[in-house]
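Take a look at the structure below.
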Amino acid sequence: MSSDHVQSAERSATVTGAAARPSSAETPFLELLARGASADAYEQPVLLARADGRPAEAIAGLEHAKVLALRVRSELEGRRRREAELSALFETAHDLAGLRDLDAVLQAIVQRARSLLGTDIAYLSLNDPARGDTYMRVTEGSVAARFQQLRLGMGEGLGGLVAQTARPYVTDDYFKDDRFQHTLTIDSGVRDEGLVAILGVPLMLGHRVIGVLFAADRRARVFEREQIALLGSFAALAAAAIDTANLLTETRSALAGLERANEIIQDRSGVIERASDVHDRLAELVLRGGGVHDVAAAVSQVLDGVVEFTETDATPTRALEKSRVEGHAVRHRDDWIAAVAAGGELLGALVLRGHPGLDPVDQRTLERAAMVTSLLLLARRSAAEAEQRVRGELLDDLLDARDRDPRLLRERASRLDADLDATHVVLAARLDGTAADADQEAAARRRLWSAASHLAGTRHGLAAARDGGTVLLLPLDPGDTATDLARRTAAHLAAAVHEAVTVGASAPVGKPAARPDAVVAAYEEGRRCLDALRLLGRTGDGAAAEDFGFLGLLLAGDRDVGGFVERTIGQLVRYDERRGTDLLRTLDAYFACGMSPARTKDDLHVHVNTVAQRLERVGRLLGEDWQEPGRALEIQLALRLRRLATPVGR
């Protein structure tokens, strides 16, 4: 024992009334104090005296000396414990002063708390403001994986209660304590770890709880007030460590931001120079009358990539619409798309190919180029409007002044790069949206006429506003059909004006310059197809008379009976002609006999199997649905028209 401890023991003995010099009764207890014996060893001198038969007075003296010695021992133990606690707190504060790794400091706090309180386990949880709960951050002595991953809602379990109330809580037996809310998840984790007694104290920053520090045993235990206070001191250090780490993180982030700002400032001169270069190039293009492809080429050099101007129907619809609405270039896969728009009308897009990484400066460059492109297109449009009016006047003359000289019509068309000796289709187009007032309706019709005129110019055709809609005369490419052309035209115009457009097409018209009457009839046929589409609820679609089956006979201007018969039963006609069979005659008798094979065989004087075989062949040639009511009606009409058109005796 040190001299300080001996003096402390002597002072304690003096306070209790003991003599300044040890008596013979006190000697064995002083020896026990000197060697730091356990509390049980202090009973030994008294037991030996009784065994030796010492006088009662001597035994009473030993009992008194034992009591004094145990008091001294308790005070010495308390001082040693407080010295250890203060030493641990000092070491933790020293670690905090040299904070480098927050996790390491928190781990040290938990380890020292566990050691000083003598618990089986110690752990620390932190609050998660985003999720509104608290989660395990550091554990010491834990063996259960589920326990180490626990999350506690505010008010759930002992830890949730501490986090919610900002007060320490202690329980001698967790599962028997009903002061806090038990949940299956938390109780399962605590049961996996085998915990019984738990002490939790809040981690406080000012008046705000940021987490909880725990000490726990796997057996029943009563935590003393001094132990609660000690764990609270460690919790204060842990909170300070977290606050310091957060401040360091914010400082580092601020420094990084300053460094980045400095880099940006240093780069500004280069950015300004690049922007000036782009401005000069685009201004030069506009002044010397450059086109949209010249703009794309110039921007390609500046952005070190491939920039193309694309039409609306060749650009991803969703990305193009998003760019138009937001007014910025948008990314589409590895490309960037900047809408070229004037008012509410899309004129196309500038597309930067294969360049997924685009900084804001380059993005603005692409957007500025798109704006210049829209200005160039508007300028070109204003110049082209005169040409469009001329195209409209030429089409009006074809429809109204039928006595025009075909030679003059061809010459006028040639100046517009149109060939009126080629096969054309007349298309009647109309908007299907509902305008709020007359002004909006007139504006919508102007947009439709403008889009139709632009399409006619690119397709070497003609367009004019007529009868509340637009009429187009477009050449028919080899292998194309009037139906295909009508549908493409409806889709193109709808994309240009952002409204549904219905288009009715005529049958092909050959050499319209020499046949103005045929053009007029074709326009009427196209209008009838347009009206039929709207009556059938097919707004926004495109079709020709041939798409309506036998109704097409009513819609077609020239009543193309032969075409209808060919489309409906032409395969049967050719089959009979090549093979000398009687499929047409059998089919005619079949319908005349109410579609009864038994009655048909009597009418034809053949076996019923022969009828069945012929009808099976009809099905293979016309399709499995040939007996459906609508299809059967068309076939019967075609058979009758063919019979009426066939000379008697054939």
Side-chain angles (χ1 to χ4, degrees), residues 264 267-268 270-385 443 447-448 450-451 453-455 457-458 488 491-499 501:
I264 293 174
D267 290 342
R268 289 309 295 176
V271 171
I272 293 173
E273 184 176 348
R274 286 176 57 197
S276 177
D277 178 53
V278 172
H279 180 271
D280 292 343
R281 290 194 185 195
L282 296 179
E284 181 183 358
L285 284 173
V286 173
L287 291 175
R288 63 181 175 86
V292 294
H293 297 292
D294 296 323
V295 173
V299 179
S300 296
Q301 294 179 0
V302 173
L303 299 183
D304 191 23
V306 178
V307 178
E308 300 175 350
F309 174 78
T310 61
E311 300 289 346
T312 54
D313 55 359
T315 310
T317 304
R318 184 173 298 179
L320 182 61
E321 182 64 20
K322 182 178 180 182
S323 176
R324 184 187 71 84
V325 173
E326 296 180 356
H328 296 291
V330 299
R331 181 176 172 181
H332 177 70
R333 298 176 183 170
D334 289 340
D335 301 339
W336 283 83
I337 296 175
V340 176
E345 182 184 356
L346 278 171
L347 305 176
L350 283 186
V351 181
L352 175 60
R353 304 288 187 189
H355 209 306
L358 194 66
D359 62 42
V361 175
D362 289 340
Q363 183 178 341
R364 286 193 294 272
T365 297
L366 184 63
E367 294 164 358
R368 183 179 302 173
M371 185 181 300
V372 172
T373 301
S374 68
L375 293 175
L376 289 176
L377 290 175
L378 286 177
R380 179 184 296 177
R381 173 178 291 183
S382 63
E385 284 180 355
R447 289 199 304 272
L448 177 61
S450 178
S453 299
H454 178 70
L455 175 61
T458 58
R488 286 199 305 272
H492 182 95
L493 296 179
V497 301
H498 307 294
E499 290 187 43
V501 178

Is the backbone N or O of [Y] less than 3.5 Å from a side-chain atom of [X], with the two atoms forming a donor-acceptor pair by type?
| X | Y | result |
| --- | --- | --- |
| E308 | R353 | no |
| T315 | A349 | no |
| E367 | A329 | yes |

TODO: Supply the atom-to-atom distance S300 OG to L350 CG, rounded to the nearest 0.5 angstrom.
DONE: 9.0 Å
TODO: Kindly compute the distance separating NE2 (H492) from CD (E311), expressed to the nearest 0.5 Å.
DONE: 7.0 Å
Side-chain heavy atoms of [X] within contact of [Y], under 4.5 Å:
| X | Y | result |
| --- | --- | --- |
| L366 | W336 | yes |
| R447 | E499 | yes |
| R331 | D335 | no |
| L346 | L320 | yes |

Open item on the list: Taking the basic N atoms (NZ, or NE/NH1/NH2) and the acidic carboxylate oxygens, is any pair closer than 4.0 Å for E321 and R324?
Closed with: yes
Task: Derivation and outcome, side-chain contact (heavy atoms from CB on, under 4.5 Å), residues L352 and V306 - done: CA-CA 6 Å; L352 175 60; V306 178; 5.9 Å; no
Open item on the list: I need the minimum non-hydrogen distance between L448 and L493, along with the two atoms involved.
Closed with: CD1-CD1, 4.0 Å
TODO: Considering non-hydrogen atoms only, spot the tightest contact between A451 and A496 and give its length.
DONE: CB-CB, 3.7 Å
